[in-house]
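Step one of this worksheet: look at the structure below.
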Amino acid sequence: MVDFKKSVIYQIYPKSFYDSDGDGLGDLKGVTEKLDYIRRLGADYIWLTPFFVSPQKDNGYDVEDYYHIDPRYGTMEDLEELSREAGKRGISLMLDMVFNHTSDRHEWFRKALAGNPEYKDFYIFKKGKKPGVPPTNWESKFGGSAWEYVEQFDEYYLHLFDVSQPDLNWDNPKVRRRIQDVVKFWMGKGIKGFRFDVVNLISKGEFRDDLEGDGRRFYTDGPNIHKYLQELNEATFGTDAEIITVGEMSSTSLENCYRYASEDGKELSMVFSFHHLKVDFMGNEKWVMVPFDFCKLKHILFEWQTHMAEHHAWNAVFWCNHDQPRVVSRFGDTKEYWKESAKMLATVIHCMRGTPYIYQGEELGMTNPGFHDISQYRDVESINHFRILQEKGLTRENAYQILAIHSRDNSRTPMQWSDQKNGGFSQAEPWIEVNDNCAYINAETEEKDEDSIFHYYQKLITLRKKYDIVGYGDFEALDEMHPSVLAYRRNYRDQKLLVINNFYGKEVTWEADESLKDYTCILSNYEHHMMDGKRIRLKPYEALVLYREA
């Protein structure tokens, strides 16, 4: 059985990882060519975002065919070669499965629009409240109404995301069986991990107007969600103890996640939750410019760490992915303390209770690109909100400032392999621009530098494998109200781990609740430390990992 508590997962967005054939798009062969890099880093799994046949309206999260690989990424033979070569290096593959919705070009939806009643029931069609008025006032995650009118039926279909992504009707048992067939197919290909996209949205509740919000309270963590996940588990991945799973949980609750990721193994191995990545939002509104709330960030991280442990459930811990801006741009310092702040942020996550996820380039300290023109953006959500923000009265300049902070394209710029043309990503013009700072932030440079962010990530991964307390210890929050320090303690048998992080660019004194004289510093982002009894003088963005045995 896989010990995912001691594992680390590396996320790859294939389109932006490495272009092996010179067409400006990353591909599966490109991933295979870079496997030794991932092995050197120390990751155990590679999570690949969708590479299935897709019109790419939402960069592959609009799946047209779950069984075939989009030719722009390669062939089934390329995937099989990647799986074999990864296996030789002790690395397994995790596939990203998008089952809340399909592309509107999927065969099922085309048959639905053609009037086939069986396939029409694969999706969610409803009559409007009255002519010209959608069934509910729910809003799409990408802006505008979540309903699209279909004239020949005089009905609307639900799309919680882009209009080209109709939601599947999971209340239809035929849909659930088809989904099970897809998972079994990829299990047959030897896949040992599955990440399920926005999976807690698959069971809808009441279809009525939301007078308090955008509708999410009626379709999130719905009435049959646990039943459907248990059914999927029992019919597919639950039959293989070597398979790990993670569910992306949109606007979820702790109480539901206790069940999604319970140790009983009836649903999923672990969950992604995003509450800690909304601390620079205004409520649920992300398209704003507000400073992040540090004390709120700590409270959320500590709450999830503590309560998931109390209920014997497991977290995925992370800062970055393909939908989030680069963390060093978001919570760190991209100038004077770029290296120190990137290492500190990594320390916070990798020493927590949970399975750490690293998003490509995070281990290099890649930053947001600072795009300044809408022509540089590719993300449908960003392009839609650039228009929406101006319709709300913001200037173009303000809209650009907000996109530069929150756009999903911030994480989708090509991986920076070297200081060569296009950052070593491709010999052709990339599908999206490479960040100019690839001249000094790149894998080739950092692998040669023993003090680099890359080497620091290596050390963090080694700690998880070497010290059982990192994988299995409980979690104890410390000094939650401190205005600039994030600190916690891990406890396991006769071991203690103290993790202390200065989240800001100014020196600060922090006092522990016990003497530190018996602790040994096993990792830090500074060479020298100032400790005296219980007191520590922390340098800007300093991180300390202290260890002792009782």
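Index from 1, following the sequence. Every value quoted in this text rests on a predicted model; they were computed, and no experiment measured them.
Remark: Asp36 engages Arg39 in a salt bridge, criterion side-chain N to carboxylate O under 4.0 Å. Of the charged side-chain nitrogens involved, at least one lies within less than 4.0 Å of a carboxylate oxygen, so that Asp167 and Lys204 count as a salt-bridged pair. Lys465 has a carboxylate O that lies under 4.0 Å from a charged side-chain N of Asp44, or vice versa, which qualifies the two as a salt bridge. Comment: Lys120 engages Glu155 in a salt bridge, judged by a side-chain N to carboxylate O separation of less than 4.0 angstrom. Between Lys141 and Asp162 there is no salt bridge, since no side-chain N of the basic residue sits under 4.0 Å from a carboxylate O of the acidic one. Looking at Asp323 and Arg408, a side-chain N of the basic residue comes within less than 4.0 Å of a carboxylate O on the acidic one, giving a salt bridge. Between Lys88 and Glu85, at least one side-chain N (NZ, or NE/NH1/NH2) sits under 4.0 Å from a carboxylate O, which counts as a salt bridge. The pair Lys227-Glu231 fails the salt-bridge criterion, with no side-chain N (NZ, NE, NH1 or NH2) lying under 4.0 Å from an Asp/Glu carboxylate O.
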Are Lys29 and Glu33 close enough, and set up right, to give a salt bridge (Lys or Arg N to Asp or Glu O under 4.0 Å), and what steps lead you there? CA-CA 6 Å; Lys29 279 187 174 292; Glu33 287 189 30; over 6 Å; no

Please walk me through it: do Asp280 and Arg330 pass salt bridge (Lys or Arg N to Asp or Glu O under 4.0 Å)? CA-CA 9 Å; Asp280 53 358; Arg330 190 173 194 174; 2.9 Å; yes

Check the pair Glu80 / Arg84 against salt bridge (Lys or Arg N to Asp or Glu O under 4.0 Å), numbers first and verdict last. CA-CA 6 Å; Glu80 291 166 347; Arg84 282 194 306 272; 5.0 Å; no

CA sep, side-chain torsions, deciding dist, call: Arg412, Asp379, salt bridge (Lys or Arg N to Asp or Glu O under 4.0 Å): CA-CA 9 Å; Arg412 298 177 181 183; Asp379 174 35; 3.7 Å; yes

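Checked by atom type and distance alone, the side chain of Arg110 pairs as donor or acceptor with a backbone atom of Arg105 at under 3.5 Å. A donor-acceptor contact shorter than 3.5 Å links the side chain of Thr239 to the backbone of Thr236.
Taking the centre and axis of the six-membered ring of Tyr472, the NZ or CZ atom of Lys5 falls outside the cone set by 45° and 6.0 Å. Geometrically, Lys15 does not engage Tyr73 in a cation-pi contact, judged by NZ or CZ lying under 6.0 Å from the ring centre and within 45° of the ring axis. Cation-pi geometry between Lys34 and Tyr18 is satisfied (NZ or CZ under 6.0 Å from the ring centre, within 45° of the ring normal). For Lys174 and Tyr119, the positive end is not near the middle of the six-membered ring at less than 6.0 Å and at most 45° from its axis.
In this structure, the ring of Tyr149 has its center no less than 6.0 angstrom from the ring center of Tyr157. Ring centroids of Tyr66 and His106 are separated by less than 6.0 Å, placing the two rings close together. Checked against the 6.0 Å centroid threshold, Tyr67 and Phe185 count as a close aromatic pair. Aromatic ring centres of Phe109 and Tyr123: separated by under 6.0 Å. Residues Trp138 and Tyr219 place their aromatic rings such that the two centres sit under 6.0 Å apart. Aromatic pair Trp304/His275: centroids less than 6.0 angstrom apart. In this structure, the ring of Phe161 has its center less than 6.0 angstrom from the ring center of His101. Between Trp417 and Tyr37, the ring center distance clears the sub-6.0 Å criterion. A distance below 6.0 Å separates the ring centres of Trp319 and Phe331. Ring centroids of Trp314 and Tyr258 are separated by 6.0 Å or more, keeping the two rings apart. A centroid separation of 6.0 Å or more is found between the aromatic rings of Phe386 and Tyr377. Checked against the 6.0 Å centroid criterion, the rings of Phe207 and Phe218 do not qualify as a close aromatic pair.
Counting all heavy atoms, side chain and backbone alike, Ser426 lies closest to Ala428 at OG-N, 3.0 Å. Met308 and Arg353 make their closest contact through C-NH1, 3.9 Å (heavy atoms, listed as atom of the first residue, atom of the second, distance). Counting all heavy atoms, side chain and backbone alike, Pro135 lies closest to Lys126 at CG-CB, 3.5 Å. Contact between Asp210 and Arg216 at its shortest, heavy atoms only, is OD2-N, 4.1 Å. Between Asp209 and Thr136, the shortest heavy-atom distance links the atoms OD1-CA, 3.1 Å. Here the closest heavy-atom approach between residue Met270 and residue Ala261 is recorded as CA-CB, 3.8 Å.
With hydrogens and angles left out, the side-chain atoms of Gln165 and Asp58 include a donor and acceptor closer than 3.5 Å. Remark: the Asp171 side chain and the Tyr228 side chain contain an N/O donor-acceptor pair separated by less than 3.5 Å. For the residue pair Trp108 / Thr102, no side-chain donor-acceptor distance below 3.5 Å is found, with atom types taken as modelled. No hydrogens or angles considered: a donor-acceptor pair under 3.5 Å links the side chains of His226 and Asn256. Checked by atom type, the side-chain pair Ser382/Asp409 shows no donor-acceptor distance below 3.5 Å. A donor-acceptor pair shorter than 3.5 Å cannot be found between the side chains of Ser103 and Asp62. Side chain to side chain, Trp147 and Ser140 fail the donor-acceptor criterion of an N or O pair below 3.5 Å. Judged by distance alone, the side chains of Asn410 and Ser407 never bring a donor and an acceptor atom under 3.5 Å apart.
Residues meeting the side-chain hydrogen bond (donor to acceptor under 3.5 Å, both in side chains) test with Asp96, sequence neighbours left out: Trp47, Tyr61, Arg195.
None of Phe194, Phe52, Phe237 except one satisfies the ring-ring contact (aromatic ring centres under 6.0 Å, His included) rule with Trp186; the exception is Phe52.
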